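Keep in mind the model is a prediction, meaning the values are calculated, not measured. Residue indices begin at 1 and follow the sequence shown. Just follow the structure's listing: the first ligand is 1, and inside any ligand the first atom is 1.
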Amino acid sequence: MEEINTVRLYGAGGHAQIIHSVLKQNRVAVTEIFDDNPSGCHPKFKHISILEIDKDFSQEGDPFIIAIGDNFQRSEIAKFLQSEFATAIHSSAIIDPDIKIGKGTVVYAGAVIQPNTTIGKHVIINTLASVDHDNVIEDFVHISPNTTLCGLVHVGEGSHIGAGAVVVPKIKIGKWCIIGAGTVVIRDIPDYAVVVGNPGKIIKMNYPEESKK
Ligand SMILES: CC(=O)SCCNC(=O)CCNC(=O)[C@H](O)C(C)(C)COP(=O)(O)OP(=O)(O)OC[C@H]1O[C@@H](n2cnc3c(N)ncnc32)[C@H](O)[C@@H]1OP(=O)(O)O
C-alpha cells in the first residue's frame with residue numbers, strides 16, 4: 001500500500017477524533033478538517049481551526065478520510081468528493097497481509113481481520129471487532145466494537161453491525177441493514193432489515209434514501 005503522510009478529514013465529530021488519534025500514532029499529519037457545522041465540532045478539536053465546507057472547501061489537496069460514523073451520510077459525501085481517499089489502520093490491528101482494504105476505510109485498535117477477507121471502501125472496522133476468514137464486507141459498512149463475524153459472512157453495502165453482535169458462519173446480510181447491539185444472527189438477512197435479539201429477528205425496515213426526501 002502506498003505511504004501517505006498527510007490527510008484531510010471531512011467531519012469533526014466523535015468519530016473524527018478516533019481517526020485523528022490513529023493518524024497521529026501513525027505519524028500522518030492532518031492538514032485540514034472540514035465540517036458543515038464547525039461550532040458543533042467535538043471538544044477534542046476546540047484548539048484546531050475547523051474549516052467550513054461551504055466557505056473554505058476545495059477538491060484540490062491532500063487525500064480525504066470521511067470521518068462520519070453514519071453510513072448513509074458517508075456514502076453521500078463520497079459521491080461528492082472528487083479527491084483521493086486514504087485509509088487509517090491502528091498499529092494494534094491484526095490483519096492478514098494479503099487482505100485487500102478499500103480506500104477511505106478505517107480499522108481501529110485491536111481489530112482482527114483473517115485471511116481471504118475483502119474489505120470495501122469507506123468501511124469502519126471498529127475497536128476489537130473480529131472479522132474472520134473469507135468474509136466480504138462491502139462499501140460503507142460499519143462493524144461496531146467487539147463484534148464477531150464468523151467465517152464466510154457477507155455484509156452488504158451500507159449495513160451497520162451493532163456493538164457485540166455475533167454473526168454465525170456463512171450468513172449473508174443484505175444492504176443497508178441494521179443489526180442491533182448484542183444480536184446473534186443465525187439466518188440470512190434481507191436488504192434494509194433492522195434485526196435485534198437472540199436469535200435475531202426483524203423488527204422493522206431501514207430505508208436511508210427516504211430520509212433524504
Ligand atoms: C464506538 C461506537 O459507539 S460505535 C456505535 C455502535 N452502535 C450500536 O451498536 C448501536 C446499535 N443500535 C441498536 O442496537 C438500536 O437499539 C437499534 C438500531 C437496533 C434499534 O434502535 P431504534 O430504531 O431506536 O429502536 P427502539 O429503541 O425503538 O427499539 C425497538 C424495539 O427493539 C428493542 N431493541 C432495540 N435494540 C435492541 C437490541 N440491541 N437488542 C434487543 N432488543 C433491542 C427495544 O427494546 C424495542 O422493543 P419493544 O418494542 O418491545 O419495546
One line per pair, note the atom names and distance for all nitrogen or oxygen contacts under 3.5 Å between ligand 1 and the protein.
from: ligand 1; atom 1: 9 (O); to: Ala163; atom 2: N; distance (Å): 2.7
from: ligand 1; atom 1: 14 (O); to: Ala181; atom 2: N; distance (Å): 2.8
from: ligand 1; atom 1: 23 (O); to: Lys204; atom 2: NZ; distance (Å): 2.5
from: ligand 1; atom 1: 39 (N); to: Ala181; atom 2: N; distance (Å): 3.2
from: ligand 1; atom 1: 39 (N); to: Ala181; atom 2: O; distance (Å): 2.8

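Here Glu157 does not pair with Lys175 in a salt bridge; the nearest charged N to carboxylate O distance is not below 4.0 Å.
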Run the numbers on Phe80 and Phe57 for ring-ring contact (aromatic ring centres under 6.0 Å, His included), then give the verdict. CA-CA 12 Å; Phe80 148 80; Phe57 179 75; 5.5 Å; yes

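Side chains of Ile119 and Ile125 form a contact here, defined as non-hydrogen atoms less than 4.5 Å apart.
By the 30° and 60° cut-offs, the orientation of the rings of Tyr108 relative to His15 is tilted. Taking the six-membered ring where the residue is Trp, Tyr10 and Phe64 present perpendicular rings, their angle passing 60° and hence far from 30°.
Both Ile33 and Val7 are part of a single hydrophobic cluster, where members link through side-chain heavy atoms under 4.5 Å apart.
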